[in-house]
> 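Sharing a structure here in structure tokens format.
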Amino acid sequence: MDADDKNDTCVRFNRVLWHDSKLRSLRIVRNDDLDEVHLDVELQGIPGQELTPMTVVFEDALFFFSDIDLQGKRECSDDISSGKCKVNTDLMAKLQNERLKYSPDALAGYFHFSVYLIPPGGTLDVIAARFRLEEQAKESARRRQRVAR
């Protein structure tokens with residue numbers, strides 16, 4: 001992965017309009033020999049427009065950390081405050097030094113993706129190789145909302 005690919009991944013993630021989007025669900029999915037973290041979200045688009053149901057898929061995920069206050073998430077209407085992608089972070093350095101010390105290049109080509117909920121909702125941190133956005137069928141998104149109520 002060259003520097004342009006690394007930069008493009010974070011630029012694309014950081015351009016998503018996270019603020020006031022909604023986190024509806026999350027799951028960890030095995031895809032062949034790799035794990036993926038899936039976040040079902042409703043993303044902001046043009047101000048005043050309807051939220052768009054999407055799935056954020058973190059591909060080739062190595063680590064997933066969450067600290068979510070479910071009551072706080074509900075009280076704040078599932079709202080997301082922000083999302084960030086970075087190439088090198090303190091968390092990645094800590095993981096490398098504490099859990100991956102015998103594999104010095106284990107995190108080369110990986111990114112730290114963070115999603116912050118409106119306080120006191122909490123945070124999600126994923127160390128993964130890539131991410132993609134998948135549009136959800138409107139009917140399945142409506143069905144999930146009905147089940148959630």
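As a basis for the values below, the full set of heavy atoms in this structure was taken, side chains included, without hydrogen atoms, waters or symmetry mates. By convention here, the first residue in the shown sequence is residue 1. Because the structure is a prediction, the values reported are computed rather than measured.
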> Anything under 30° is parallel, anything over 60° is perpendicular, the rest tilted; go ahead and classify Phe131 against Phe13.
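It falls in the perpendicular class, over 60°.
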> Hey, are the side chains of Pro120 and Cys76 touching, using non-hydrogen atoms and a 4.5 Å cut-off?
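A side-chain contact under 4.5 Å exists here.
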> For the atom pair CG (Leu39) and CZ (Arg24), what is the distance rounded to the nearest 0.5 Å?
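So the CG of Leu39 and the CZ of Arg24 are separated by 13.5 Å.
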> Kindly indicate whether the side chain of Leu26, heavy atoms from C-beta on, has any atom under 4.5 Å from the side chain of Leu124.
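The answer is yes; the side chains approach within 4.5 Å.
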> Can you tell me how far apart CD (Glu50) and OG1 (Thr52) are? Round to the nearest 0.5 Å.
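One gets 7.5 Å once the value is rounded to the nearest 0.5 Å.
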> So Phe113 and Phe111, would you call those rings parallel, tilted or perpendicular, with 30° and 60° as cut-offs?
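Tilted: the ring planes of Phe113 and Phe111 meet at 30° to 60°.
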> Is the backbone N or O of Gln71 less than 3.5 Å from a side-chain atom of Asp69, with the two atoms forming a donor-acceptor pair by type?
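Yes, the answer is positive, given that a donor and an acceptor are paired below the 3.5 Å cut-off.
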> Check whether any side-chain heavy atom of Lys101 sits under 4.5 Å from a side-chain heavy atom of Gln96, and report yes or no.
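No, side chains not in contact.
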> Would the number of heavy atoms belonging to other residues, nucleotides or ligands and lying under 6.0 Å from CG of Asn97 be above 12?
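For Asn97, atom CG is crowded (more than 12 foreign heavy atoms under 6.0 Å).
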> Between Lys22 and Glu42 (salt bridge meaning N to carboxylate O under 4.0 Å), is one present in this structure?
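Between Glu42 and Lys22 there is no salt bridge, as every charged N stays at least 4.0 Å from the carboxylate O atoms.
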> Measure from the side-chain N and O atoms of Ser103 to the backbone N and O of Ala106, and report whether any donor-acceptor pair falls under 3.5 Å.
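Absent.
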> Hydrophobic cluster membership, with links at side-chain heavy-atom distances under 4.5 Å among I/L/V/M/F/W/Y: are Phe65 and Leu62 in one?
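In one cluster: yes.
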> Would you kindly say whether Ser21 and Gln44 are connected by a side-chain donor-acceptor distance under 3.5 Å?
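Looking only at side-chain atoms, Gln44 and Ser21 do not form any donor-acceptor pair under 3.5 Å.
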> For the NE2 atom of His112 and the CG atom of Leu95, what is their distance to the nearest 0.5 Å?
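If we round to the nearest 0.5 Å, His112:NE2 and Leu95:CG are 8.5 Å apart.
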> Is there a side-chain contact (heavy atoms from CB on, under 4.5 Å) between Arg130 and Asp60? Walk through the geometry before answering.
CA-CA 7 Å; Arg130 294 168 297 287; Asp60 189 5; 4.0 Å; yes
> Just how far is it from atom OG of Ser114 to atom NZ of Lys86, taken to the nearest 0.5 Å?
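One gets 7.5 Å once the value is rounded to the nearest 0.5 Å.
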> Is there a side-chain contact (heavy atoms from CB on, under 4.5 Å) between Ile127 and Leu107? Walk through the geometry before answering.
CA-CA 8 Å; Ile127 307 299; Leu107 296 180; 4.0 Å; yes
> Should the pair Lys73-Glu75 be classified as a salt bridge under the 4.0 Å nitrogen-to-oxygen rule?
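Salt bridge flag = no for Glu75 with Lys73.
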> By the definition side-chain hydrogen bond (donor to acceptor under 3.5 Å, both in side chains), identify the one residue from Gln136, Glu134, His38 that meets it with Thr55.
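Between Thr55 and the candidates, side-chain hydrogen bond (donor to acceptor under 3.5 Å, both in side chains) is satisfied uniquely by Gln136.
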> Atom OG in Ser77, atom CG in Asp79: separation rounded to 0.5 Å?
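Taking OG in Ser77 and CG in Asp79, the distance rounds to 5.5 Å.
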> Between Arg12 and Asp8, is a salt bridge (Lys or Arg N to Asp or Glu O under 4.0 Å) present by the stated rule, with each step listed?
CA-CA 6 Å; Arg12 287 185 311 106; Asp8 182 58; 3.4 Å; yes
> Is Asp35 close to Phe58 at the side-chain level, that is, under 4.5 Å between some pair of heavy atoms?
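No. Closest side-chain heavy atoms not under 4.5 Å.
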> May I ask whether Leu133 and Val126 are part of the same hydrophobic cluster, defined by side-chain heavy atoms of I, L, V, M, F, W, Y residues being less than 4.5 angstrom apart, directly or through others?
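Leu133 and Val126: one cluster.
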> Heavy atoms, side chains only, cut-off 4.5 Å: are Leu23 and Leu117 in contact?
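Counting from C-beta outward, Leu23 and Leu117 do come under 4.5 Å.
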> Within a reach of under 6.0 Å around CZ of Arg15, are more than 12 heavy atoms found that belong to other residues, nucleotides or ligands?
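No - once you tally the heavy atoms of other residues, nucleotides and ligands closer than 6.0 Å, there are 12 at most.
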> Count I, L, V, M, F, W, Y as connected when their side-chain heavy atoms are under 4.5 Å apart, and connections chain through other members. Are Val16 and Val57 then in the same cluster?
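Val16 and Val57: separate clusters.
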> Quick one: do Ile28 and Glu36 satisfy side-chain contact (heavy atoms from CB on, under 4.5 Å)? Show the steps, please.
CA-CA 6 Å; Ile28 298 169; Glu36 296 178 339; over 6 Å; no
> With side chains defined as the heavy atoms from C-beta onward, is the minimum distance between Ile118 and Ile80 less than 4.5 Å?
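Ile118 vs Ile80: side chains apart.
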> Tell me, with the steps shown, if Asp67 and Thr123 meet side-chain hydrogen bond (donor to acceptor under 3.5 Å, both in side chains).
CA-CA 5 Å; Asp67 179 11; Thr123 61; 5.4 Å; no
> What is the distance from atom OH of Tyr116 to atom CG of Asp125, rounded to the nearest 0.5 Å?
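That separation rounds to 6.0 Å.
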> Run the side-chain contact (heavy atoms from CB on, under 4.5 Å) check on Leu51 and Leu43 step by step: do they pass?
CA-CA 5 Å; Leu51 294 170; Leu43 290 179; over 6 Å; no
